[in-house]
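Here's the structure, in C-alpha cells; my notes come after.
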Amino acid sequence: MYQALNIIVKGKVQGVGFRPFVYALSKKYNLKGTVQNNIESVSIMIEGEEEQLSKMINELNMNPPKLAKITEIKTQKIMLKNYQDFTIIQSSVDKQISSPTIPQDAAICEHCLEELRDPQNRRFHYPFINCTQCGPRYSIIHRFPYDRPYTTMAKFQMCPACQDEYENPQNRRHHAQPVCCIHCGPTLKLLNSKEELIADNLNAISKTAELLKHGKIVAIKGIGGYHLACDAKQEKVIDLLRKRKRRPQKPLAIMAKSLEWAQQICDVSPTEEELLTSSAGTIVLLHRKFENTLPHNIAPGLTSMGIMLPYTPIHYLLFEGTELEYLVMTSANTSGFPISYNDSDHENIRGLCDYLLTHDREIAHPIEDSVVLHDGKNKVFIRRARGFAPETIESGVDVSRIIAFGGNQKNAFAIGSQKDIILSPQIGQLENEEMMNHFNEQLDAFKKWYGVDEKYIAVDMHPFYATTMLAKQHKVQTMFIQHHHAHHVSCMAEHNLTEPCLGIILDGTGYGEDGHIWGFEFLYGDAKKFRRLGHLRYTPLPGGEKAVKEPWRNAVGMLLYALKEEGKEFATKLFPEKLKELDVIEQMIRKQVNTPMAGTCGRLFDAVSAILGICTISTYEGEAAIKLSDYMNRDLIDRPTTCYPFQIIQNNEMEFELNLSAMIRQIIRNKFEQKPLIEIIHNFHQTIVESCVQMILTIIKKFPHMERNIVLSGGSFQNTYLSSKLQNRLKEEAFNVFINQNIPCHDGGLAIGQLIIAANKIAENNR
C-alpha cells in the first residue's frame, strides 16, 4: 500500500550527517519526498510502499549516523503529494526557538584520516580536513540552525570542488558546514613570541615539530582553544612549563602518538580503549605502567596519567614523520584563569610559550578537553566538556525561564527550556573577575541560542559564592538551593527517580542549613523537599579557606577539638615544624575566631593525608585527597582490610552523628608504629565504606517505611575504590544503588539538581 508520512526526529541530529543519511535511506528503499533541518529537529516528508517505509523508519531508529543521538521519532500519516524524487531542502529558521540540540565537536574520523595520509587525495596533509562525521561544531556556532552562514566558517568562500561536495547528497561532505580545502579554507601560521611570522601552512607544521623536539614550548590553537605543548620526554622543559603556568604539582595531560604508544606507558583496558578512540577525543585517566619512562614531573606523586590521542588533523601532522612520541598538552592559560582562544589572547599567551602555531578559523566558543576515568563499570567525569557538552537532559517538569548557576568550583550552569535542561560545558572555578566574565559570556550565548528570558535564577545557598554575586546582576527572583540537596536530585534526575529516596552525599564543601559546612551527608527526599538524617561530626577549620589549602591546619583543628590534650600531643609530634602555629590555632578554636565548623568527606581525606605526611600543603583543588586515594591504585592485590573503630550517636530524636575520632586516633598510632602507609590507607577507606553502610542501616531501622533506593553523589565519589566498594556493600544489604554517570558527581553536575528543585518550588508556589 502506497502512503505518505511526516516524520519528526528530535535529538542530536544536526551537524552529524543526518540529512545525507536520510537521503541514502530514501534511495535504498525507493522512497520520495524531502528532508529539512528545523531549529530543534529534522522534518522528513516521505512517500512510498508501506513495507519500505517501515524498513526505513526501523533503520533510522536502530542504525543512525555515528554522532547522532535520537531522543524522539514522531510519525504522522499525511496526504500524498506525489513527490517525483527525494531532495534535501534549505533549513527552516522561521519557527520559534525551543530546544535545539547543539552538535558537539568531534575528533577526526577514520575516513578523513585516510585521506589526510593519502598522497593522491586533494586534501593530503591538509590541517583542516573534516566531513559530516568529524570536526568542529559547538566551537564554531554563532546561531541556529547549524548551517555554514551561521558559523565562523562563513567568511571562507567554498571553491568549486568543495561546493560540489557540499551540494552532492551522495557525498560524505554533503552539508558538512566546516568543509574546506587548501584552496578555500583556513591557513596556519607559526609565530615567534614577538608575533613575527616564522612559517606558514605545512612548513609551519614541520617547523613546530622541530621546535618541540628541541625543547621549546609552543602554544597550539586547537578546536576549543590554545594548548601549551612540549616534548613529554624532556623533564627540564616540563619544569619550565610548570614555572610559567604557575602549576607546580597538578598533573599535566599527555597526547600519545597513537593507541599503541599509549599502551606502552599505561595499562589500557578494552573499555578505556573505546574511550580513548571515541569521537569525543577525551583525556582518559590511566594507570601508569611500572616501566613507564616518561618523567615523573608530569604527574607528581601519582600512579595515574591523563592520556589522549590526536583528535585534530594538526595533531596527527605534528607526529607524522617526526621523532615525537608524546606531547604535554595543557590549556594555554595561567592556572585559575580562562582558556585562551582568540587572537586578542596572544598577549597573555606570549609569556607562557616560545612560539605560537595559530590559524584564522575563529573559535566562537572556547571549550576545554574532557577528562574521564573508568571505574570498571562506568565512565566517571572529572571534567565534562569537549565532545560531551553541551548536553540536553529531560527533566519531566516544566523548567522554562529558569537558569541554574551551579557552584563555585568545577562550575557549569544549566538552562531550562520547556521540559529540557541544557547543561553547559564545565567552565572552571569562579575565583576571579576573569573567570566570572568568562561565565557571563558563555551564559549570554546560551540564552541567545535558546531565546531564554529568565524569570528565576537558582544558586547555591552559600552567601559568599561568586554565583550569588553574579545572580544579583540579573533583576529576577533568586532561589537559594542547598548544595547537597542539589547533588541528591542531580543523581535522581539522571535515573528518572521521582519518589523520595535515601542519599549519601560525600564532597568537600557545601553550606548547610545550620550555617556549618556540610559534606558527609545522609539524606532522604526528592526534588520537593529533603530531610537530613545523619552527618559526620563537626570539627573546626582554623582559618577557613586557609585550612582547605593547608591540610595540616585542618588536621590540627580536628585533633585539638576531637582528642583534646592527646590531640595536642599528636599534633606536636606530627608537625614539629609548626609549633608556633599550633598555639595560635588552639587560641582560634577556643575563641571561635575565623574557625567555621565542618563535617565533610573532602576535609576528612585532607586531614588523613596530612597526618600521614602525604600532602600538607595543597597546590591545586583536592590535591591532598587525590594523592591519598592514589595509594589504592598501587597495590593491585585485593588485600584483607581491618575496619577502624567509629561511633554512630543519635544526637536528637531525628538525626544521627558519625564520630570518627577513634579512627583518627588509631591511624596516628599506626603511623607512629610505622605500619605500611598502604595498609593504613586501605583500612581508612574500608572504615569510610563500612561507617556509611552502618549509618544507612541505622537510619532504616529507625525509619523502616523508607524506600530502599539510594543515590550516591558528590565529588568524593570520583574516588573509584570508595564508589565501587560502597555500591557493593549497599547491594549486599539489599539496597538499589544509583550513581551519577552522564552527569558529573562533583559540582559540575550541581546545576541540574538546582534547576529541578527550583522548578518544583515554583510549581508548588503557583499551586
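What you see below is based on every heavy atom in this structure, not just the backbone, and it leaves out hydrogens, waters and symmetry mates.
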task = Show your working on ring-ring contact (aromatic ring centres under 6.0 Å, His included) between Phe128 and His359 and close with a plain yes or no.
result = CA-CA 10 Å; Phe128 302 96; His359 57 74; 5.1 Å; yes
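- Heavy-atom contacts from other residues, nucleotides or ligands closer than 6.0 Å to CD of Glu110 number 12 or fewer.
- Of the charged side-chain nitrogens involved, at least one lies within less than 4.0 Å of a carboxylate oxygen, so that Lys69 and Glu391 count as a salt-bridged pair.
- Of the options Leu188, Ile314, Ile363, a side-chain contact (heavy atoms from CB on, under 4.5 Å) to Lys221 is made by Ile363 and by none of the others.
- A pairwise comparison of heavy atoms in Leu357 and Tyr226 identifies O-CE2, 4.2 Å as the closest pair.
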Under 3.5 Å, sequence neighbours excluded: what are the donor-acceptor pairs made by side chains of residues 736-745?
| residue | atom | partner | partner atom | Å |
| --- | --- | --- | --- | --- |
| Asn736 | ND2 | Asn709 | OD1 | 2.9 |
| Asn740 | OD1 | Ser713 | OG | 2.7 |
| Gln741 | NE2 | Asn378 | OD1 | 2.8 |

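- Under 4.0 Å is where a charged nitrogen must lie from a carboxylate oxygen, and between Asp147 and Arg19 at least one such pair does.
- Residues Pro186 and Cys180 approach most closely at CD-SG, 3.7 Å, considering heavy atoms.
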inquiry  = Does Glu165 form a side chain to side chain donor-acceptor pair (under 3.5 Å) with Asn168? I'd like the steps, not just the answer.
reply    = CA-CA 5 Å; Glu165 292 172 328; Asn168 182 357; over 6 Å; no
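- Looking only at atom types and distance, the side chain of Gln249 has a donor-acceptor partner in the side chain of Lys627 under 3.5 Å away.
- Nearest heavy atoms, Gly301 versus Asp630: O-OD2, 3.9 Å.
- Shown here is Ile182, whose CD1 atom has no more than 12 heavy atoms of other residues, nucleotides or ligands within 6.0 Å.
- Rounding to the nearest 0.5 angstrom, the gap separating the CG atom in Asp105 from the CG atom in Asn130 is 11.5 Å.
- Tyr166 and His174 have tilted rings, their planes meeting at an angle from 30° to 60° on a 0 to 90° scale.
- Between His227 and Tyr311, the ring-plane angle classifies as perpendicular under the 30° and 60° cut-offs.
- With hydrogens and angles left out, the side-chain atoms of Ser139 and Tyr341 include no donor and acceptor closer than 3.5 Å.
- Around atom NZ of Lys74, no more than 12 heavy atoms belonging to other residues, nucleotides or ligands sit under 6.0 Å away.
- In this structure, Arg384 forms no cation-pi arrangement with Phe388, as its terminal cationic atom is not both closer than 6.0 Å to the ring centre and no more than 45° off the ring axis.
- Judged purely by atom type and a 3.5 angstrom limit, Lys233 has no side-chain atom pairing as donor or acceptor with the backbone of Leu294.
- In terms of heavy atoms, Val179 sits closest to Arg148 at O-NH1, 2.8 Å.
- A salt bridge is defined here as a Lys NZ or Arg NE, NH1 or NH2 lying under 4.0 Å from an Asp or Glu carboxylate O, and Arg386 with Asp369 meets this definition.
- In this structure, a donor-acceptor pair under 3.5 Å is present between the side chains of Thr330 and Arg247.
- Between Arg173 and Glu115 a salt bridge is recorded (basic side-chain N to carboxylate O distance below 4.0 Å).
- Comment: Glu272 does not engage Lys379 in a salt bridge, judged by the lack of any side-chain N to carboxylate O separation of less than 4.0 angstrom.
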request  = Report the C-alpha separation of Tyr126 and Phe124 in whole Å, then their side-chain angles, then the decisive distance to 0.1 Å, and conclude whether the ring-ring contact (aromatic ring centres under 6.0 Å, His included) test is met.
outcome  = CA-CA 5 Å; Tyr126 181 57; Phe124 174 60; over 10 Å; no
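- Between Phe144 and Tyr150, the distance from one ring center to the other does not fall under 6.0 angstrom.
- Under a 4.0 Å N-O distance rule, the pair Glu59/Lys55 does not qualify as a salt bridge.
- To the nearest 0.5 Å, the span separating CG on Asn633 from CG on Asp267 amounts to 10.5 Å.
- With respect to the salt-bridge test (charged N to carboxylate O, under 4.0 angstrom), the residues Glu320 and Lys257 do not qualify.
- Side chains of Ser490 and His487: no donor on one and acceptor on the other come within 3.5 Å.
- With Asn292 contributing its side chain and Ile265 its backbone, the two residues share a donor-acceptor pair below 3.5 Å.
- Other residues, nucleotides and ligands place no more than 12 heavy atoms under 6.0 Å from the NZ atom of Lys250.
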